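Structure first, commentary second.
Here the structure is a predicted model, which means the values were calculated and not measured.
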Amino acid sequence: MAFLIVLIAIIAILIVLFVSWFFTMKANGKCPLCAIKRFTMPRKITMDISEEPDYDNGVAQTPPMGWSSWNTFRNHIDQDLIMETAQAMVDSGLADAGYKFVNLDDCWQSSLRDSDGKLQGDLGTFSRGIPQLIKDINSLGLKVGLYSSNGTHTCEDLPASLGKEDLDAKTLASWGCEFFKYDFCHSRPISGDCPAIEKIELNRVDDEEQFNSKLVLKPEDAQFTGRARIINLSSLQSGKAIGYINHGAGSASFEFNSLPQGEYAMTIVFAKTFSRHESYAQVNVNGKIHEVFFPYGKGFSDTGRVQIIISLIGGTNKITLQNPVATVADSSYIQYKRMGYALKNATKLWAEYTKTPEKPIVFSICEWGTACPWDWGSKAGNMWRTTHDIFANWTSIMTIYKFSIKHYKSTSAGHWNDPDMLEVGNGKLTEDENRAHFSLWCMMASPLMLGNDIRKFVDGSNKAVEGNSTLKIVTNKHLIAIDQDSLGKAAKKLSTVSGVDILARPLANGDTALCLFNKANGTKSIKYDLGKLADDEYLELKKSGSYQVHNLWTDERTTDSVITATLPKHSVKVYRIKAE
């Protein structure tokens with residue numbers, strides 16, 4: 001009985017708090033129903049990005065291949081280890097097989113930014129400096145990737161790039177970095193909240209003779225969409241403000257042609273309300289988005305002001321105020337797109353400044369799949385993590401595979417689902433499990449980033465170690481050709497028969513890659529009619545009475561219409577199928 005009384009009391013308190021919050025929002029000119037989306041559908045992007053162009057920087061037209069320091073070395077890396085690894089990539093034949101990136105994950109950077117606020121390498125473990133390290137690795141014919149996080153600090157609590165996207169992008173570009181992994185630790189989501197706006201003032205700043213060119217835009221001058229509208233606020237001098245543009249509720253636009261072309265200070269006068277976080281708005285000026293963050297807290301006056309510098313054109317200008325952030329997914333999209341385009345701009349500017357060929361940076365979005373990046377990643381970067389981190393055990397690999405295979409439609413040239421780095425050769429994975437892991441990643445058109453100590457692939461004479469099973473797996477040229485196929489379509493799971501997943505992906509020359517994957521804990525036998533592949537429109541395989549069948553692990557070639565296979569537990573058979 002006492003428990004029931006306590007429960008009822010808690011529910012009553014929550015109801016009172018909710019009602020209080022609801023009416024406080026409305027009193028301050030905000031849409032409470034719009035704000036509820038962040039709780040009811042946090043992983044869903046609500047912004048309409050259908051007209052946004054795909055992210056195109058000309059690289060990663062096939063899934064990137066290379067090595068990353070994290071899986072084996074974590075925070076114990078230094079310049080000597082990285083150079084030894086780069087040399088081993090060349091000497092072992094990995095570079096010739098297509099593995100070109102040497103990626104330094106977390107812990108390459110100092111906890112101190114330099115006197116100009118720029119990132120710099122750890123002053124002890126990377127004492128020669130990151131630019132010199134990149135030059136040395138480039139001289140081996142390899143490329144270098146670096147790492148930061150979409151937050152105040154990286155996952156190892158070192159300086160990250162939130163709020164410093166442009167500066168850090170320019171630094172990376174000036175060093176010659178060609179891959180950038182952007183993590184999600186210490187992330188601070190953008191608020192969907194937006195204060196009521198009393199007015200906008202525009203003042204010319206780039207021409208002293210016309211300094212008096214100015215304009216005041218008032219709520220009654222605006223055109224509204226959605227729930228946005230004029231509200232009455234007695235605390236304001238004018239008594240009126242633009243409200244209900246929080247959490248994607250609507251927008252307010254102004255069109256005018258009374259100002260000459262030039263640079264203007266735009267002052268946004270807003271109503272102060274007590275808050276524990278920054279609020280946010282986007283100012284769209286003739287198609288260019290400016291982000292505005294309003295300070296939290298409450299001062300001694302009822303209004304505050306923020307300023308940005310904007311460019312107006314000759315003739316009619318249009319300024320739109322909005323806050324499209326309704327969910328955490330909306331926030332992630334905006335923040336990752338911000339860094340992606342900062343990287344694109346930085347490499348172009350650096351090439352123009354130095355009069356050298358541009359070195360675009362592959363942008364790897366690593367927000368762990370928390371905001372369904374397969375829905376928006378192609379608009380913001382080159383690749384995106386589908387899940388949390390991988391570990392060197394079968395359960396982890398299986399969990400990631402089962403989740404990632406569902407999103408096969410999201411891939412295309414330049415845009416890839418990333419089920420995380422390879423654990424081939426790590427932990428206690430069996431030979432069959434290592435082959436299966438590598439095969440599944442190739443079938444899914446995944447980036448192939450080795451995560452082991454590849455120095456073990458060469459002996460003291462810097463020759464590839466003959467018979468190294470891990471090296472043989474990750475350099476299988478037939479599987480790599482599947483992964484790197486220029487069509488860029490990932491495998492689709494066609495069916496599951498007695499614990500065996502049947503996966504297939506279309507290839508650029510009209511062939512089909514077929515994978516039989518035994519997930520079960522015992523041996524399975526299967527007979528598969530190849531004619532079924534031609535029945536699936538996604539594969540576009542020609543119907544034929546018989547097919548050329550190339551076993552990509554044994555290199556055996558046959559002609560048949562049916563495949564009969566026996567698969568030990570956790571093993572695969574992968575074939576390239578061509579219609580006769």
Side-chain angles (χ1 to χ4, degrees), residues 64 66-92 94-95 99-162 164-183 185-186 339 342-343 346-347 350 354 359 361-364 366 389 421 449-456 458:
W67 171 86
S68 175
S69 62
W70 182 255
N71 283 5
T72 295
F73 299 105
R74 297 192 177 268
N75 60 329
H76 302 294
I77 59 173
D78 57 47
Q79 57 202 6
D80 294 334
L81 182 149
I82 298 302
M83 281 307 303
E84 289 168 5
T85 299
Q87 189 64 55
M89 286 180 70
V90 174
D91 295 335
S92 64
L94 284 170
Y99 296 91
K100 298 296 186 182
F101 288 99
V102 178
N103 293 341
L104 285 64
D105 210 290
D106 210 343
C107 301
W108 63 267
Q109 66 273 63
S110 170
S111 65
L112 299 171
R113 287 178 176 263
D114 70 12
S115 58
D116 295 321
K118 297 177 181 178
L119 292 170
Q120 59 182 341
D122 186 284
L123 301 176
T125 54
F126 291 90
S127 58
R128 291 193 298 120
I130 299 301
Q132 185 60 51
L133 180 68
I134 291 177
K135 288 179 181 177
D136 292 342
I137 293 176
N138 287 167
S139 70
L140 298 175
L142 302 174
K143 303 176 181 182
V144 176
L146 295 173
Y147 163 102
S148 186
S149 185
N150 179 25
T152 57
H153 295 81
T154 69
C155 295
E156 291 295 311
D157 307 314
L158 292 166
S161 300
L162 183 64
K164 296 182 173 62
E165 292 88 354
D166 285 337
L167 175 62
D168 289 354
K170 290 174 182 176
T171 301
L172 296 171
S174 71
W175 290 347
C177 169
E178 294 179 78
F179 185 101
F180 183 59
K181 176 182 173 181
Y182 204 35
D183 220 330
C185 288
H186 297 285
M339 175 52 91
L343 293 170
T347 57
W350 184 250
T354 59
K359 295 174 73 174
I361 298 172
V362 175
F363 183 37
S364 173
C366 182
D389 289 4
M421 297 167 282
M449 294 296 167
L450 302 173
N452 41 10
D453 186 353
I454 61 177
R455 297 174 300 176
K456 295 178 180 179
V458 294

Would you call [X] and [Y] a side-chain contact if the rule is heavy atoms closer than 4.5 Å?
{"X": "Leu94", "Y": "Leu450", "value": "yes"}
{"X": "Cys185", "Y": "His153", "value": "no"}
{"X": "Ser148", "Y": "Tyr182", "value": "yes"}

Taking [X] for its side chain and [Y] for its backbone only, find out whether a donor-acceptor pair lies under 3.5 Å.
{"X": "Gln109", "Y": "Cys107", "result": "yes"}
{"X": "Thr347", "Y": "Ala173", "result": "no"}
{"X": "Ser68", "Y": "Gly451", "result": "no"}
{"X": "Asn452", "Y": "Ile454", "result": "no"}
{"X": "Asp78", "Y": "Asp80", "result": "yes"}
{"X": "Trp67", "Y": "Asp453", "result": "no"}

Step by step, would you call Met83 with Leu140 a side chain to side chain contact (heavy atoms under 4.5 Å, CB included)? CA-CA 10 Å; Met83 281 307 303; Leu140 298 175; 4.2 Å; yes

For Lys100, look at atom NZ and say whether over 12 heavy atoms of other residues, nucleotides or ligands are found less than 6.0 Å away. yes

Tell me if the NZ atom of Lys359 is crowded by more than 12 foreign heavy atoms within 6.0 Å. yes

Side chain to side chain contact (heavy atoms under 4.5 Å, CB included), paired with Leu104, selected from Trp70, Phe179, Phe126, Tyr147: Phe126

Which pair of heavy atoms, one from [X] and one from [Y], lies closest together, and at what distance?
{"X": "Ala160", "Y": "Arg113", "value": "O-NH2, 2.7 Å"}
{"X": "Asn71", "Y": "Arg74", "value": "O-NE, 4.3 Å"}
{"X": "Ser174", "Y": "Thr171", "value": "OG-O, 2.8 Å"}
{"X": "Pro159", "Y": "Ser110", "value": "CD-O, 3.3 Å"}
{"X": "Asn75", "Y": "Glu156", "value": "CB-OE1, 4.3 Å"}
{"X": "Val102", "Y": "Met89", "value": "CG2-SD, 3.5 Å"}

Walk me through it: do Gln79 and Ser127 pass the test side chain to side chain contact (heavy atoms under 4.5 Å, CB included)? CA-CA 8 Å; Gln79 57 202 6; Ser127 58; 3.2 Å; yes

To the nearest 0.5 Å, what is the distance between [atom1] ([X]) and [atom2] ([Y])?
{"X": "Ile361", "Y": "Cys177", "atom1": "CD1", "atom2": "SG", "answer": "5.0 Å"}
{"X": "Ile130", "Y": "Gln132", "atom1": "CD1", "atom2": "CD", "answer": "11.0 Å"}
{"X": "Met421", "Y": "Asp105", "atom1": "CE", "atom2": "CG", "answer": "5.5 Å"}
{"X": "Lys143", "Y": "Asn138", "atom1": "NZ", "atom2": "CG", "answer": "9.5 Å"}
{"X": "Leu167", "Y": "Leu172", "atom1": "CG", "atom2": "CG", "answer": "9.5 Å"}
{"X": "Ser149", "Y": "Asp183", "atom1": "OG", "atom2": "CG", "answer": "5.0 Å"}

Starting from the C-alpha separation in whole Å, work towards a yes-or-no answer on side chain to side chain contact (heavy atoms under 4.5 Å, CB included) for Asp136 and Arg128. CA-CA 11 Å; Asp136 292 342; Arg128 291 193 298 120; 2.6 Å; yes

On the 0 to 90° scale, with breaks at 30° and 60°, tag the Trp108-Trp175 ring pair as parallel, tilted or perpendicular. perpendicular

I would like to know whether Arg455 and Leu81 meet side chain to side chain contact (heavy atoms under 4.5 Å, CB included); could you show each step before the answer? CA-CA 9 Å; Arg455 297 174 300 176; Leu81 182 149; 4.2 Å; yes

